[in-house]
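All remarks here apply to the structure that follows.
Small disclaimer: the values here were computed from a predicted structure and weren't measured.
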There are 2 protein chains.
Amino acid sequence: MARKRRGAGRVTLAEVAASAGVSTMTVSRFFNSPDKVSPAQRERIAQVVAETGYVPNQAAGGLASAHNRIVGMVVPNISGPIFAPTIQAFSDTLGEHGYQVLLASSYFSAEQEERAVRAFLGWAPAALVVTSHFHTEATERMLEQAALPVLETWDYRPERQPIQIGFSHYEVGVLAAEAVHARGYARPAFVLNSATGDLSALERCQGFTEILAQKGVDVLVHTPAPDLAPFEAGEQAMQQLHAGATPVDLIFFANDNLAAGGLLAAQHAGIRVPEQCAVLGFGDYPFARMLMPRLTTIRPPASAIGENAARWILAVADGQVPEAPLERLTCEVIVRDSL
Amino acid sequence: MARKRRGAGRVTLAEVAASAGVSTMTVSRFFNSPDKVSPAQRERIAQVVAETGYVPNQAAGGLASAHNRIVGMVVPNISGPIFAPTIQAFSDTLGEHGYQVLLASSYFSAEQEERAVRAFLGWAPAALVVTSHFHTEATERMLEQAALPVLETWDYRPERQPIQIGFSHYEVGVLAAEAVHARGYARPAFVLNSATGDLSALERCQGFTEILAQKGVDVLVHTPAPDLAPFEAGEQAMQQLHAGATPVDLIFFANDNLAAGGLLAAQHAGIRVPEQCAVLGFGDYPFARMLMPRLTTIRPPASAIGENAARWILAVADGQVPEAPLERLTCEVIVRDSL
DNA sequence: TTGTAGGCGTTATCAT
DNA sequence: ATGATAACGCCTACAA
């Protein structure tokens with residue numbers, strides 16, 4: 001094992017202190033409350049720090065002070081276009097304040113999330129951010145025991161305890177239902193996400209179908225083959241929903257990836273969008289406006305979620321008690337050409 | 001009041017040891033080398049751990065052992081479609097082995113990168129991953145001094161010292177030049193990235209223009225207004241390159257976002273793609289195949305870079321000396337309809 | 001197989 | 001304003 005022996009190489013606080021002819025505490029103060037160090041010492045220390053390239057060891061500092069400038073974030077995935085802006089805003093905002101972000105993906109699996117949470121807990125983070133409210137029991141227990149701020153993002157359910165920063169997926173369904181009903185569509189369909197475990201999509205579906213049912217409109221719910229790539233799932237859905245004798249006249253896809261597949265399949269099948277079949281997406285992914293026809297979709301507050309979560313954590317770390325423990329954000333229908 | 005100020009609340013190794021009636025070392029071994037603990041003790045400890053929900057403190061462990069299971073990664077951005085697959089693969093591969101990833105964005109700024117590297121160094125990571133070979137002097141010095149494995153990704157220059165996992169951007173330009181020349185285009189153009197600081201795009205441009213110059217073909221290089229959104233930059237580029245008397249017959253865009261803008265502008269302006277003006281992108285972003293016409297582009301090994309970087313780090317942590325310190329990967333031209 | 005002693009690099013606390 | 005000392009939670013080294 002090429003394992004380093006202890007303390008190999010790195011400059012330490014003690015060494016800086018010795019070089020500067022002061023105690024370790026003075027150097028420590030130089031970093032954490034410079035105003036409590038006399039200007040003369042300050043200059044002397046600054047010089048030694050510059051010469052040696054000393055960087056304080058955060059792990060040691062955190063151990064001693066029980067205050068780690070690190071937070072964990074679990075998202076369903078990093079590489080999709082949905083959560084990326086949240087991660088970006090979260091990481092940037094916290095980074096500006098000297099905090100570091102630990103990242104992990106759950107792939108919509110509560111078990112993977114549990115593993116990630118357990119791993120994060122080992123770092124004694126200042127806070128933990130998770131996505132949605134679907135956790136394993138073990139996760140719930142760990143989070144409770146850990147006694148650290150937990151933020152649930154991309155969701156909003158007033159009845160839940162943890163801090164929430166997001167929106168109601170059910171309300172998104174309602175929003176869509178109203179837009180659809182106002183335009184007089186008679187045979188709408190909802191296409192679920194091919195990624196199994198996306199329970200939030202189910203909530204959108206529920207809101208959509210329930211409200212339309214109240215208005216006397218039945219929604220055809222289509223479930224793609226499990227774990228089909230979303231684009232292909234969208235294509236197949238469009239084909240299948242137009243194979244029968246009474247084709248649908250609108251499809252609300254669980255996300256824009258599916259919708260893009262649907263749009264392309266329509267083009268190939270000669271189905272005119274939106275005349276013959278309108279298409280509504282969810283996510284407002286960057287490519288939505290580049291498709292033909294341009295995709296009408298619902299835009300979630302992705303960046304705002306990340307930034308607000310970060311600000312909440314910073315406020316708490318700063319000793320403040322943010323006035324709004326539940327933060328409800330809203331989605332917006334972006335009307336383009338497909339609906 | 002004997003209120004604890006320091007280790008508020010968390011269960012510690014010592015407490016677990018006391019409850020199980022063993023020494024702290026036995027509990028430590030229970031986690032790090034279970035086979036060295038007798039089955040009887042193992043069971044006893046496992047029970048206490050389960051009851052208390054104890055999770056080892058990684059920071060303390062790292063401090064004591066000088067072996068942190070944490071690595072830092074700096075990418076230009078998280079939310080774009082380019083680096084996301086690299087981050088995803090990197091994080092997933094390391095996560096499977098109990099490592100955590102610290103993430104930060106540089107936005108193509110060497111100064112931001114420097115800040116991120118300095119912050120990471122404070123955590124004494126097992127390794128550091130950066131993007132490309134453009135760093136400030138201070139960064140280079142820090143990395144040298146820190147004496148930890150540094151991986152440069154998304155780039156490959158045989159003459160450089162650090163571990164590299166990526167490809168030559170100049171070669172990408174060569175690849176494109178050959179594809180373009182073989183098809184007989186006479187008035188090609190290159191559109192640079194609107195994001196200032198994307199020096200790798202310049203290298204692609206260089207390879208493209210130099211090789212075509214050798215074949216007697218001049219390349220018109222177009223520089224978008226700085227920091228214009230890429231999609232709009234692409235639109236403007238397409239318009240401007242067709243405004244003159246002698247329009248170009250092919251545009252190689254610095255990335256697929258720009259190319260998508262170009263494609264749409266062409267459609268609006270009635271420019272037929274590829275007959276009147278062919279379009280070549282870079283990145284093979286997920287939406288490339290959803291555009292009309294489907295975008296011909298160059299696919300970089302984004303996921304492979306992340307996974308290989310992770311595997312390299314794991315191998316080194318395991319005491320192995322990977323045989324290939326420089327790992328050259330290749331890009332591929334994905335021929336669709338726009339070229 | 002198990003335990004003891006000491007230290008990893010930093011900060012809280014209490015003196016001066 | 002500065003310093004001495006004792007933690008923080010864990011692991012290496014060595015001993016039994």
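- Contact check, A:Asn32 against C:dT11: a side-chain N or O comes under 4.0 Å of OP1 or OP2.
- Aromatic ring orientation, A:His67 versus A:Tyr99: tilted (interplanar angle from 30° to 60°).
- Applying the 4.0 Å criterion to OP1 and OP2 of C:dT11, one finds that A:Thr24 has every side-chain N and O outside that range.
- Following rounding to the nearest Å, B:Asn68 (CG) and D:dC10 (C1') show an atom-to-atom distance of 12 Å.
- Backbone-only engagement by A:Tyr54 is indicated by non-hydrogen atom pairs under 4.0 Å involving sugar-phosphate atoms exclusively.
- Look at CG on B:Asp35: it is 12 Å from P on C:dT2, rounded to the nearest Å.
- Side-chain atoms of B:Gln41 and B:Thr26 form no donor-acceptor pair, as typed in the model, at a separation below 3.5 Å.
- Checking C:dT11, C:dT4, D:dT2 against the side-chain heavy atoms of A:Ala64 singles out C:dT11 as nearest.
- Inspection of the A:Trp154 and A:Ser200 side chains reveals no N or O donor paired with an N or O acceptor under 3.5 Å.
- Residue order along DNA chain D, read from the 5' end via each residue's closest nucleotide, puts A:Ser38 first among A:Ser38 and B:Ala59.
- Listed nucleotides C:dG3, D:dC10, C:dG9 differ in distance to B:Pro56; the shortest reach to its side chain belongs to D:dC10.
- Put simply, B:Ser28 has a side-chain N or O that comes within less than 4.0 Å of OP1 or OP2 on D:dC11.
- The nucleotide whose nearest atom lies closest to any side-chain atom of A:Thr12 is, among D:dG3, C:dT10, C:dT4, C:dT10.
- In this structure, the CE atom of B:Met25 is 14 Å from the P atom of D:dC14, given to the nearest Å.
- The side chain of B:Leu13 lies closest to D:dC11, out of D:dC11, D:dT2, D:dC8.
- Distances shorter than 4.0 Å separate none of the side-chain N or O atoms of B:Ser65 from OP1 or OP2 on D:dC11.
- Atom pair B:Lys36:NZ and D:dC11:C1' shows a separation of 12 Å (rounding to whole Å applied).
- Checking the phosphate oxygens (OP1, OP2) of D:dA1, no side-chain nitrogen or oxygen of A:Gln41 falls inside 4.0 Å.
- Centroid-to-centroid, the aromatic rings of B:Tyr54 and B:Phe31 come within less than 6.0 Å.
- Closest-nucleotide positions on DNA chain D for B:Ala60 and B:Arg29 were compared, and the one nearer the 5' end corresponds to B:Ala60.
- A straight line from CZ of A:Phe30 to C1' of D:dT2 spans 16 Å, rounded to a whole angstrom.
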